[in-house]
Protein chains: 2
Amino acid sequence: MATRKRMSPLAEQILEALEERGYRTTEPRRAVAQVVANQDRHFTAEELRQMLPGLGRATVFRSLKLLVDVGVLCRVLLEDGALHYQMSLRGHHHHLLCVECGISQDLTGCDIEDVLTQTSDRHGFELSGHWLEVYGRCRDCRSKEAVSA
Amino acid sequence: MATRKRMSPLAEQILEALEERGYRTTEPRRAVAQVVANQDRHFTAEELRQMLPGLGRATVFRSLKLLVDVGVLCRVLLEDGALHYQMSLRGHHHHLLCVECGISQDLTGCDIEDVLTQTSDRHGFELSGHWLEVYGRCRDCRSKEAVSA
DNA sequence: GTGGTAACAGATACTTGGGCTCAATAAGGA
DNA sequence: TCCTTATTGAGCCCAAGTATCTGTTACCAC
């Protein structure tokens, strides 16, 4: 490949993550990386597929799975049970999802792990993992309503 | 209906919950209630369908949805993403799921709501709901391993 | 009891979301 | 350049759940 499109730094970072794990950085994967890097919120597999009409169905699903395995993407479970994906170059974390505008914020400074460990102990459980999604209304949506009211 | 099978108290409780909301207690629903009341752990829609071979596909799904709406069942999300159902005559609560034997315990005495409210506040979010599943190994599975080791 | 009406059940076709397979192709090392 | 292996894409397939439609049942008024 003599001429490669210029990619965003975030897309490059995604490709580096793949290379680090020994995966090849093929043209379809570069395309996926670029599109994923451009998303500012969570998206479904179907949405990603529509953004990459030239790619095969299977390739899109495989790429998503790959990026989740590598830790570039994380899965986000919406209140209605729908599965979405979202950038995640950080480690384990949770999301605050706005039920109105759909934006999501990473949950930081959250001491939930401690609370869970303590509670599990009380029940005789050895904690191995957890899944938490938090739903609510973000600052913007709340202030918009306050203005219009 | 002159002769009705005797039902377990728990099954009766389920039917009462339906009646309270104005739903009819039909024969298929009685069958679903009895089977659901007999389960001592979470189950899938498919499993329920197999336990009720006489019932139509749609009826099983409709009944599940109904029982969730009424609050008799709650949905349980397994670590692999599979959706299960489980009795829940209590209000909002969470589950400790054993990844080995599949048993689940309700999480009580958990002050996670407080932690979440505080954290949401810090992010400007107005909390409306959350989904939490906790995975680990239960007391029994741990002691079994300790013995065999 | 009988009859009317609205809720309900069941069959089945359809949609959605994703996995599997396999031949063709591309990447990268020797 | 050649060889090996990973990757791709097309198409088929499958499972889970939904929509629709027709026949049935429960409940209420009489």
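Here is the naming used below: chain letters follow the sequence lines, and residue numbers restart at 1 for every chain.
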Distance in angstrom units between A:R30 CZ and C:dA26 P, rounded: 16 Å
Distance in angstrom units between A:E19 CD and C:dA27 P, rounded: 13 Å
Could you work out, with side chain to side chain donor-acceptor pair (under 3.5 Å) as the rule, every residue matching B:Q50, not counting sequence neighbours? none
Return each pair, listed once, that meets ring-ring contact (aromatic ring centres under 6.0 Å, His included) where at least one residue sits in residues 48-78 of chain A; pairs must be two or more places apart or across chains. none
Is there any ring-ring contact (aromatic ring centres under 6.0 Å, His included) pair reaching into residues 27-55 of chain A, and which pairs are they, with sequence neighbours excluded? A:H42-A:H84
Does B:E47 have any salt bridge (charged side-chain N to carboxylate O under 4.0 Å, His left out) partners at least two apart in sequence or in another chain, and if so, which? none
Just jot down the salt bridge (charged side-chain N to carboxylate O under 4.0 Å, His left out) partners of A:R49, sequence neighbours excluded, or say none. A:E46
Whether each nucleotide of nucleotides 8-15 of chain C has a protein heavy atom under 4.0 Å at its base (B), only at its sugar-phosphate (S) or at neither (-) is summarised, 5' to 3', as SBBB----
When rounded to whole Å, the CZ to P distance for the pair B:F43 and D:dA16 reads 15 Å
Roughly how many Å is it from CG in A:L48 to C1' in C:dG17, rounded to a whole number? 14 Å
Quick one: pull up SG in B:C138 and CZ in A:F125 and give me the separation to the nearest 0.5 Å. 5.5 Å
Could you state the atom-to-atom distance from CG of B:L83 to P of D:dT18 in whole Å? 11 Å
What is the separation between atom CZ on A:F61 and atom P on D:dC14, rounded to the nearest whole Å? 17 Å
